[in-house]
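Working notes for the structure below.
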Amino acid sequence: MSEVHINHVYKRFGDVTAVDDLSLLFKAGEFVSVLGPSGCGKTTLLRMLAGLETPSAGEISIGDKVVNDLPPGSRDIAMVFQTYALYPHMTVRGNIEYPLKKRRTPKAERAVKVKDAAELLQLEELLDRKPRQLSGGQQQRVALGRALVRDPAVFLLDEPLSNLDAKLRAHMRAELIQLHERIGKTMVYVTHDQLEAMTMSHRIAVLRFGVLQQFASPDEVYRKPANEFVAGFIGTPSMNFIAGEIDNSDGKLTFCGGGVALSVQAGLLPDGLIADGDKFLVKMGFRPEDIFIGDQGDDALVSVVEPTGHEVIVLIDLNGNEVVARVNPDVRLKAGDKVKLRFRPDKLHFFGTKEGIRLNV
Amino acid sequence: MSADTTAKLPWFRRSYRNFSLEEKYAVLGMILIAPTVMTFCAVIAYPLIAAIYLSFFSIYTPTMEGHWVGFSNYATLLQSGEFWRSLWNNIIWTVGTLTLQILFGILVAMMLHQNMVFRSLARSLVLFPYFLSTVVAVLVWKWLFNDLYGVLNHLFMWAGVIDMPVDWLGKMPNAMLSLIFVGAWKYFPFVVIAVLARLQSIPEELYEAAKIDGAGVFARFFDVTLPQLKDVLVVIILLRTIWDFKEFDLINLMTGGGPIIATQTLSLMVYKEAFALNQMGASSAVAVLMMLVMLVFMALYLRKAKGPSE
Ligand SMILES: Nc1ncnc2c1ncn2[C@@H]1O[C@H](COP(=O)(O)OP(=O)(O)OP(=O)(O)O)[C@@H](O)[C@H]1O
Ligand SMILES: [Mg+2]
């Protein structure tokens, strides 16, 4: 169990900067997800932690050791690959045992450790099979087992569930959470699936183009996204945005844009952000669950209705802006209906127009 | 006659029109493989049977006249030292050159698999010996090996490795060693191509996983590369065993089996019996015995080629 300290790390591939001045501190025993769209540098970051890639600049420490110059085998880390990378000619037992063999663990001890790991991951029945005789989920567990027996300080997992079908993925998610609770090791979990990140992690590091956007708990990332990108990336369906401006007249803030005028609740924005009598260009964001369809509010037109079973996703045309709302399936709506929209006043997010920085307090 | 009753007649009593679709396909299939089958019979089955047949005769090659002698050709051969010596030479040559080919082939393939400068150039250059005509290659090597004018002796003397010119091809064990070496030089590119193709399909993650698991360079070779190469190596070894075992032109041109019969293999003996000693019958008997030895490898190869491993 160790801290992981990433200190101003860069990684360049020719012209591409895959990881750009990244600084992060993962606490010992923490489950951290690294989340971001495809190509944002998640795998590169993980591979640098593993020692499969050397940083172009910056320092990485695991525990209190700087590991920049340590080969992968000496870093006290274990990695689970997206493709599992099981040794095809070895049995499940051989695969799990391999890292121990390479570390010259005595045979008797190896047998005990393999047995323990197999028990933990329910692989006892499969120990004598070859990887190709296993299902995806079983292979995934073997890969975890191979990481587990080593008892490493840090686990690195690169989208380990992405090759599984939806049902198995949900199941493995729960298993991974339990596993982490039982062994309590630092885990770094790379994913582009926000559901995985939100459900499993203590904290989420959101990356974009190799740059850290936000590093916070799932709850905070969802409720206080640091910028427009995070706000739009986290949550399905994603947050709605309307461009407009806020003006301050006599200390009363009003948002105007997209054909609506809303008074902004006091305390939502920091005092003095907008001087009296001034205007400020912003983007207003609100989540699909934070709008109500009813008989009061702004006029809008239902354009598409997508029932998903437990809820209905409704696309609404609000004066030319497309707005997504999430409503109770008991509300009967159909395309073409004229409706009225209201916003939850305490759940409005405001972002600056230039960098998209969050303006809310 | 109704369709029902027609269908019950054996196929050769019905016209093509009344064949079921399956039978029509069968006919088409037979027509399509007929050319291959006929060619096969003409160039493989006939010579094979003829050789077996001839081996029971004592035949004077120029006139091709002779008389039935039963197994006496075989009896004479199996009692003669020359046959066993040739078989032994054949085994030494095959095992020696094949071992070198495999070792050298894997080594070069692994080098060419690395990121290095001029990789694609090197990859094509490596094939050069394999594409070179044997006659040309042998002529060049014979000059290199020449005891009086050869570059090899010259270089070795200059470097101080030897102080007298070495007779590379006229003495034992030099002659056999030289053969084995030139055979390896000529045929290792085959191993390189096959192994390189396989190397390129080994997922990089396996090596990365092994690195993380604490495997060093050698452990990665023995635990990841070699097991992955196993299947292709088995096929290469079987094929090359068959090909090296019956090698004729390279040996005949290099040493002609000499000194005396010190490097004579069974193929050379077949040739000598038939055209130098004019004993077509005895020659056929050697060929048949040689075929029996090769049949073992062939059976292994066919078994390997047919079923998947495990
Ligand atoms: N070996 C490499 N050579 C050149 N460019 C690379 C290399 N590896 C990664 N990159 C580039 O670095 C960037 C980050 O890649 P990375 O694999 O880390 O993305 P990722 O976040 O893991 O994406 P995904 O979700 O698709 O796996 C990409 O633009 C990629 O093209
Ligand atoms: Mg990736």
Side-chain angles (χ1 to χ4, degrees), chain A residues 43 46-53 67 70-91 94-105 129-133 139 142-160 163, chain B residues 102-103 105-106 109-110 113-120 191 194-238 300-301 303-310:
Chain A
T43 299
L46 207 67
R47 290 170 57 85
M48 286 195 288
L49 293 178
L52 298 171
E53 213 84 69
V67 293
L70 285 183
S74 327
R75 288 194 176 194
D76 204 10
I77 50 105
M79 183 157 166
V80 177
F81 291 80
Q82 182 173 352
T83 52
Y84 315 139
L86 299 177
Y87 309 117
H89 58 283
M90 295 183 198
T91 58
N95 267 283
I96 299 181
E97 204 176 20
Y98 188 72
L100 297 177
K101 264 188 183 161
K102 290 301 123 181
R103 284 176 170 71
R104 302 182 197 290
T105 312
R129 293 215 204 153
K130 293 276 176 71
R132 90 174 88 84
Q133 299 165 314
Q139 288 185 29
V142 177
L144 272 172
R146 187 171 63 181
L148 216 59
V149 278
R150 297 243 322 268
D151 200 21
V154 179
F155 281 84
L156 307 173
L157 303 105
D158 191 0
E159 312 207 15
N163 285 353
Chain B
I102 298 287
L103 291 181
I106 293 180
M110 301 233 313
H113 185 54
Q114 305 298 314
N115 277 318
M116 56 177 221
V117 277
F118 302 127
R119 180 164 74 172
S120 42
V191 182
V195 170
L196 188 58
R198 185 65 186 90
L199 280 179
Q200 282 164 342
S201 69
I202 302 178
E204 190 57 33
E205 279 107 69
L206 286 185
Y207 291 102
E208 293 179 339
K211 270 187 208 168
I212 289 174
D213 287 343
V217 181
F218 290 104
R220 290 204 294 275
F221 176 76
F222 285 108
D223 297 335
V224 179
T225 312
L226 214 51
Q228 294 273 311
L229 289 182
K230 199 187 99 198
D231 280 348
V232 76
L233 282 180
V234 170
V235 174
I236 295 176
I237 289 174
L238 285 172
L300 284 176
Y301 174 73
R303 232 184 70 184
K304 183 77 203 163
K306 207 164 67 184
S309 58
E310 278 159 85

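Just so it is clear: chains get the letters A, B, ... in the order the sequence lines come, proteins before strands, and each one is counted from 1.
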In terms of heavy-atom pairs under 4.5 Å with chain B, which of Pro88(A), Pro99(A), Ala85(A), Pro71(A) leads? Pro99(A)
Between Ile77(A) and chain B, which part of the residue has a heavy atom less than 4.5 Å away: side chain, backbone, both or neither? both
Within this structure, what is the CZ-CD distance for the pair Phe81(A) and Glu204(B), rounded to the nearest 0.5 Å? 9.5 Å
Can you confirm whether Asp213(B) sits close enough to Lys101(A) that some side-chain heavy atom of one is under 4.5 Å from a side-chain heavy atom of the other? no
Nearest heavy atoms of Lys102(A) and Ala219(B), plus distance in Å: NZ-CB, 3.8 Å
Could you check whether any side-chain N or O of Arg146(A) sits under 3.5 Å from a backbone N or O of Ala209(B), counting only pairs where one atom can act as donor and the other as acceptor? no
When heavy-atom pairs shorter than 4.5 Å are enumerated against chain B, which of Met79(A), Arg47(A), Gln82(A) gives the highest number? Arg47(A)
Go through the atoms of Ala78(A) and report whether side chain, backbone, both or neither lie under 4.5 Å from a heavy atom of chain B. backbone
How long is the span from the CG atom in Leu52(A) to the CD1 atom in Ile212(B), to the nearest 0.5 Å? 4.5 Å
Could you verify whether a donor N or O on one side chain and an acceptor N or O on the other, from Asp223(B) and Tyr87(A), lie under 3.5 Å apart? no
To the nearest 0.5 Å, atom NE2 of His89(A) lies from atom CD of Gln228(B) at 7.5 Å
